[in-house]
Number of protein chains: 2
Amino acid sequence: MDADTAALLASLIRGRSVAALATLHDGDPFASMIPFAAVVAGPSPRLRFVTHVSRLSAHTRDMLADPRVCLLIMAAESAGVPPQALPRVSLPCVAEFVPAEHPDYEPLRAAYLERFPHAADYFLLGDFSLVALAPQSARFIAGFARASTLSPADLAAAVAGAC
Amino acid sequence: MDADTAALLASLIRGRSVAALATLHDGDPFASMIPFAAVVAGPSPRLRFVTHVSRLSAHTRDMLADPRVCLLIMAAESAGVPPQALPRVSLPCVAEFVPAEHPDYEPLRAAYLERFPHAADYFLLGDFSLVALAPQSARFIAGFARASTLSPADLAAAVAGAC
């Protein structure tokens with residue numbers, strides 16, 4: 001992936017605050033919206049997404065039953081731009097519920113609250129959970145006939161470069 | 001569902017031109033973007049979505065292998081609006097490939113081209129297919145703590161009212 005494409009991917013991931021989340025719902029595909037923050041961390045850096053979800057939500061029950069999910073982050077629609085030209089990235093992920101005593105909890109919570117300061121109150125409610133989504137790969141479509149498949153290492157490198 | 005909520009749902013479905021599509025990809029959930037048009041038709045009116053997809057796309061192969069999908073239509077992100085306040089609707093659907101000789105082909109194609117006039121050229125290519133997505137239900141989240149579950153008849157009534 002060239003530097004311009006990597007920068008476009010980083011700007012898509014850093015610039016959006018909601019994604020579509022595909023989950024398995026009793027074996028059927030389900031799609032819902034989640035707020036997310038992107039975090040690059042670790043000795044051999046990797047990208048993860050962090051979200052904060054209510055146990056009342058269908059997607060939360062789905063992720064508790066099966067951690068296989070897929071995120072889709074799409075550029076904003078824009079008048080006069082054909083849909084096929086909109087950058088978007090599909091990210092098959094494994095979802096991990098992160099309990100408060102986990103060493104990653106505080107940094108993930110801080111990253112989420114930096115993106116969504118208004119969400120602090122939700123952390124006072126008992127029925128919300130912090131969930132980390134670890135991409136297993138990515139399919140980035142930068143525009144017409146501009147598709148790339150990325151490894152987790154490629155992804156971390158592209159997004160870390162934008163920090 | 002009250003009239004204001006129905007109008008908000010209709011405006012979301014009529015106002016957006018791309019959706020997230022959840023499919024089953026070898027048993028895993030996958031999420032990708034599709035352009036769509038909404039069509040309400042029939043003697044007992046029902047809402048369907050129509051899209052036009054390349055056989056080279058993962059979601060097309062997924063729908064050929066298993067017609068169970070879920071659409072997610074989200075309002076545009078807006079500065080200062082918390083994600084939880086954004087209207088969005090999840091629509092579990094059955095996907096049906098509509099061949100050119102099917103009586104629904106021309107009206108569906110016309111509805112799609114009305115929404116995406118630039119897409120006419122794609123209809124000249126052999127590897128694109130017209131696909132109708134029939135919602136089996138809908139989960140509409142109009143904003144904070146404003147969730148409704150709708151039947152196909154409720155959906156058709158809400159969206160037809162906006163034509």
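Every heavy atom of this structure was used, including side-chain atoms; hydrogens, water molecules and symmetry mates were not. Each chain gets a letter, A, B and so on, in the order its sequence line appears, and its residues count up from 1.
Hydrophobic clustering places A:L47 together with A:V89 (ILVMFWY residues linked when any side-chain heavy atoms are closer than 4.5 Å, directly or through intermediates). Hydrophobic clustering (ILVMFWY, side-chain heavy atoms < 4.5 Å, transitive): B:L91 and B:L108 are in distinct clusters. Residue A:F116 is grouped with residue A:Y105 when hydrophobic side chains (ILVMFWY) are merged at heavy-atom distances under 4.5 angstrom, including chains of intermediate members. If you chain together hydrophobic residues whose side chains sit under 4.5 Å apart, A:F144 and B:L56 never meet in one group.
Residues of residues 72-82 of chain A that come within less than 4.5 angstrom of chain B, heavy atom to heavy atom, are A:L72, A:M74, A:E77, A:P82 in numerical order.
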Got a list of side-chain donor-acceptor pairs under 3.5 Å for residues 26-45 of chain A, not counting sequence neighbours?
residue : atom : partner : partner atom : Å
A:D28   : OD1  : B:R68   : NH1          : 2.6
A:S32   : OG   : A:H59   : ND1          : 2.7

Would you list the atom pairs, donor with acceptor, under 3.5 Å between side chains in residues 129-142 of chain A and any protein atom, with sequence neighbours excluded?
residue : atom : partner : partner atom : Å
A:S129  : OG   : A:R55   : NE           : 3.3
A:S129  : OG   : A:R55   : NH2          : 3.1
A:Q136  : NE2  : A:A134  : O            : 2.7
A:R139  : NH1  : A:T149  : OG1          : 2.7

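The contact between A:S90 and chain B is made by backbone and side chain atoms together, counting heavy-atom distances below 4.5 Å. With a 4.5 angstrom heavy-atom cutoff, B:S17 touches chain A via backbone and side-chain atoms both.
Connectivity analysis of hydrophobic side chains (ILVMFWY, heavy atoms under 4.5 Å, direct or indirect) links A:V94 to nothing; its cluster partners are none.
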